[in-house]
There are 2 protein chains.
Amino acid sequence: MTPSGTADRARPTRAAAGVKEVAAAAGVSLGTVSNVLNRPEMVSAATRAKVEAAMLSLGFVRNESARQLRAGSSRIFAYLMLDAGNPFFTDVARGVEEAAREAGLSVFLCNSNEDARREADYLDLLEQQRVQGVLITPVDPDSPRLSQLPARGTPVVVVDRAIDDGEHCSVAVDDVFGGEVALSHLLELGHERIAFVGGPNNIGQVTDRRAGARRAMERAGRPAEDLIDLVTGALTVAEGRGAGQRLAGLPAARRPTAAFCANDLLALGLLQQCVSLGLRVPEDLAIVGYDDIEFAAAAAVPLTSVRQPRQLLGHTAAELLLDESSNPDHEHQRVTFTPELVVRTSTRGNSPS
Amino acid sequence: MTPSGTADRARPTRAAAGVKEVAAAAGVSLGTVSNVLNRPEMVSAATRAKVEAAMLSLGFVRNESARQLRAGSSRIFAYLMLDAGNPFFTDVARGVEEAAREAGLSVFLCNSNEDARREADYLDLLEQQRVQGVLITPVDPDSPRLSQLPARGTPVVVVDRAIDDGEHCSVAVDDVFGGEVALSHLLELGHERIAFVGGPNNIGQVTDRRAGARRAMERAGRPAEDLIDLVTGALTVAEGRGAGQRLAGLPAARRPTAAFCANDLLALGLLQQCVSLGLRVPEDLAIVGYDDIEFAAAAAVPLTSVRQPRQLLGHTAAELLLDESSNPDHEHQRVTFTPELVVRTSTRGNSPS
DNA sequence: TCGGGTTTCTGAAAGGTTTCAAGTGGATTG
DNA sequence: CAATCCACTTGAAACCTTTCAGAAACCCGA
């Protein structure tokens, strides 16, 4: 991995031509150039051709700042993701882009990386940029900054989190239900000592999924406290490995026989570490993940996981944002999808019954 | 996955206050407000406090469009990725963000999704936005659009592709060498029928890696044509599965005993499909991937792969862009890193020697 | 009290685009 | 031939901020 370099002379940069230069070159007025740009049907074919030729030869590039300043609107959505390294969110982003594209808008992606400070910084930036709207999977859904935006004119749709403060639309998947389904599955398989792996606890997805899991425990007639809590510092593969280390280190008699992970990244890390430390999956440890990302099925032991409609989530969210930013009598919506369990080898075949 | 909805009344939006209102509210001139914003040290503490209070109470949000229009510069980098769903590129993006952050800049991520048309659209958009610089892993590195940008004042650094047209810096990893190393490894293990899985062929990474593989064949005294070409439509898990289908369908006598995939996504899909069709890895089919993404080690059979310094790649690229966009006597650089082979179960233990 | 040097503040210009009311000129009509 | 229309064009104002030359206020020692 040693870098090797080659130097090269830099090219001088040339300032871009503006409408004014184009107008002069084409021998028309400034307003006409603008018309060619924005209402070509109002310009005669001959003039339009002249202007377009001038634009081409001068290398005209419209200055969006100026356009935006004058026109007020910006034709850009931003999706502020919780973790760009998590394929779940990139699939959501794909859905967002798809919907935006259908409406002729572009999407900028931003990555808060589970860091509230970065999230806040990006929100400031996006507001200053006057983007047409913001989609966000928040680290901190209660941040005052988040509710300020809509009040000041930047519509916000919350993705993958249900919010009902009346400030924004939200599109979510029922995480409590998902957690319940996952844990019920493990209980049905006869597992007694079950761990919930996830964290940090300020992330709503984690607490909801845990809450669902605890509810399943109680429904099965067991105290919620019996669910062993393995708190992680983030929802990443590396943290999953760390959890695996901790878990595998327990004496067999106290070690859980099943683990429900707050997402697939954790589950994959846990799986990898446990296997490499000699535990058999699912015989010694059954594992359930969450999200059903594409890699879950390709894992060392194909992963049982809770599937969410990732792309649809993003698509729906973008459509809501579109409505909010263009329809004057928009009403805030709270859309909730229901996840479903996908059973694979990491739990199946372990049934002690 | 059935959605359920709840409606809610929309809130009226209020226009944001500008410097003018702030100035009036604070009883100072417009220029002073601007000074508070841009050169706070030139304003007396008392005045500054007054202005800041006014900003707060009015909910002032600086209008970046206007700022940019007047000031000319934009404090934003964009990274136009080849595939946001590929963890390799999100790791590169992480490096970019890190370097940008150190310099006080923000990064917008864009996803061309291996689509030349979307790439071109995004380039237009970014140029119009007058971003401070563009980092790009191009679908089409020879696109005229790409060389236009620097000439018109938007610096561009090409990431993960070596370019020496004298128009931009580039930061790359030696893909030919990587391909050669991967294939040499398979040859050393004694494999006779080896497939190269990858495509489409307009993607430079694919052709370089294939070229390296063919070179390794020739170095081993075998005609390059002996390398069986399995062309895919994209570098995705799904395409990898498709390749697996095709490959597993061949009669055992003609089926390759080893496959070198142009990236890990393909390799993971191939692996998954082959295993599910009853082939043993590595006994029936050895697999080498490329990129060594985090999921490679967690795969069904831990994947031998060619590791690239992902984050460093992004970090270095952003630093070059920074230099180009701020240092008047910047010289274009071409930095090349060398990849390394990471051997895991998907090839090891198959040694027929 | 007065020059002279600092520090702080002001006001107007500038930046590139869009918008829109008003203007132009040619074709059509009476 | 004049009046009317129509299809296009024009030019100036507006969007919000930053910049910068110069004005104002202040402080110091003489």
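Proteins come first, then strands; the chains are lettered A, B, ... in the order of their sequence lines, and each starts at number 1.
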Whole angstrom value for the distance that separates [atom2] of [N] from [atom1] of [X]:
X      : N      : atom1 : atom2 : value
B:R39  : D:dT18 : CZ    : C1'   : 7 Å
A:R130 : D:dC15 : CZ    : C1'   : 11 Å
B:L69  : C:dG15 : CG    : P     : 9 Å
A:E127 : D:dC16 : CD    : P     : 15 Å
B:L37  : D:dT19 : CG    : P     : 11 Å
A:E64  : C:dG16 : CD    : C1'   : 12 Å
B:N63  : D:dT18 : CG    : C1'   : 12 Å
A:Q129 : D:dT17 : CD    : P     : 14 Å

Checklist line | Nucleotide nearest B:A66 (side chain, heavy atoms from C-beta), chosen from C:dG16, D:dC16, D:dT19 | finding: D:dC16
Checklist line | Exercise: do B:Q132 and B:S325 side chains pair donor with acceptor under 3.5 Å | finding: yes
Item checked: Pair A:N111, B:R94: side-chain N/O donor-acceptor within cut-off below 3.5 Å ->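 Their side chains do not contain a donor-acceptor pair, so the 3.5 Å distance test is not met.
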Next item on the list: Mind checking side chain to side chain donor-acceptor pair (under 3.5 Å) for A:S170 and listing every partner two or more places apart, or none if nothing turns up?
Entry: none
Notebook entry, point to check: Looking at SG of B:C110 and CG of B:L123, how far apart are the two atoms once the value is rounded to the nearest 0.5 Å?
Noted result: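 Spacing of SG (B:C110) from CG (B:L123) equals 9.0 Å.
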Margin query: When you measure from the side-chain N and O atoms of A:R62 to the phosphate of C:dT18, is any distance below 4.0 Å, counting only OP1 and OP2?
Written below: yes
Note to self: Between B:D140 and B:R145 (salt bridge meaning N to carboxylate O under 4.0 Å), is one present in this structure?
What the structure shows: no
Margin query: For D:dT18, does the base pair up with any side-chain atom of B:R70 as donor and acceptor (N or O, under 3.5 Å, distance only)?
Written below: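 Present.
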Checklist line | Side chains of B:V28 and B:V51 in contact at under 4.5 Å (non-hydrogen atoms) | finding: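 Yes - at least one pair of side-chain heavy atoms lies under 4.5 Å apart.
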Check: If we fit an axis to the first five pairs and another to the last five of the helix from C:dT1-D:dA30 to C:dG30-D:dC1, what angle do they make, to the nearest 10°?
Finding: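 The end-segment axes of the helix from C:dT1-D:dA30 to C:dG30-D:dC1 are tilted 50° relative to each other.
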Next item on the list: Scan residues 53-63 of chain A for pairs that pass side chain to side chain donor-acceptor pair (under 3.5 Å), counting only residues two or more places apart or in two chains.
Entry: A:N38-A:R62
Next item on the list: With sequence neighbours left out, write down each residue that passes side-chain contact (heavy atoms from CB on, under 4.5 Å) with A:E52, or none if nothing qualifies.
Entry: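 Scan of A:E52 (side-chain contact (heavy atoms from CB on, under 4.5 Å), adjacent residues dropped) gives A:V36, A:R48.
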Item checked: Those residues that, when tested against B:F88, pass ring-ring contact (aromatic ring centres under 6.0 Å, His included) (two or more places apart) ->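 Here no residue qualifies.
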N/O to N/O distances under 3.5 Å, protein versus nucleotides 6-11 of chain C:
from: C:dC9; atom 1: OP1; to: B:S44; atom 2: OG; distance (Å): 3.2
from: C:dC9; atom 1: OP1; to: B:T47; atom 2: OG1; distance (Å): 2.2
from: C:dC9; atom 1: OP2; to: B:S44; atom 2: N; distance (Å): 3.1
from: C:dT10; atom 1: OP2; to: B:S29; atom 2: N; distance (Å): 2.9
from: C:dT10; atom 1: OP2; to: B:S29; atom 2: OG; distance (Å): 3.3
from: C:dT10; atom 1: OP2; to: B:T32; atom 2: OG1; distance (Å): 2.8

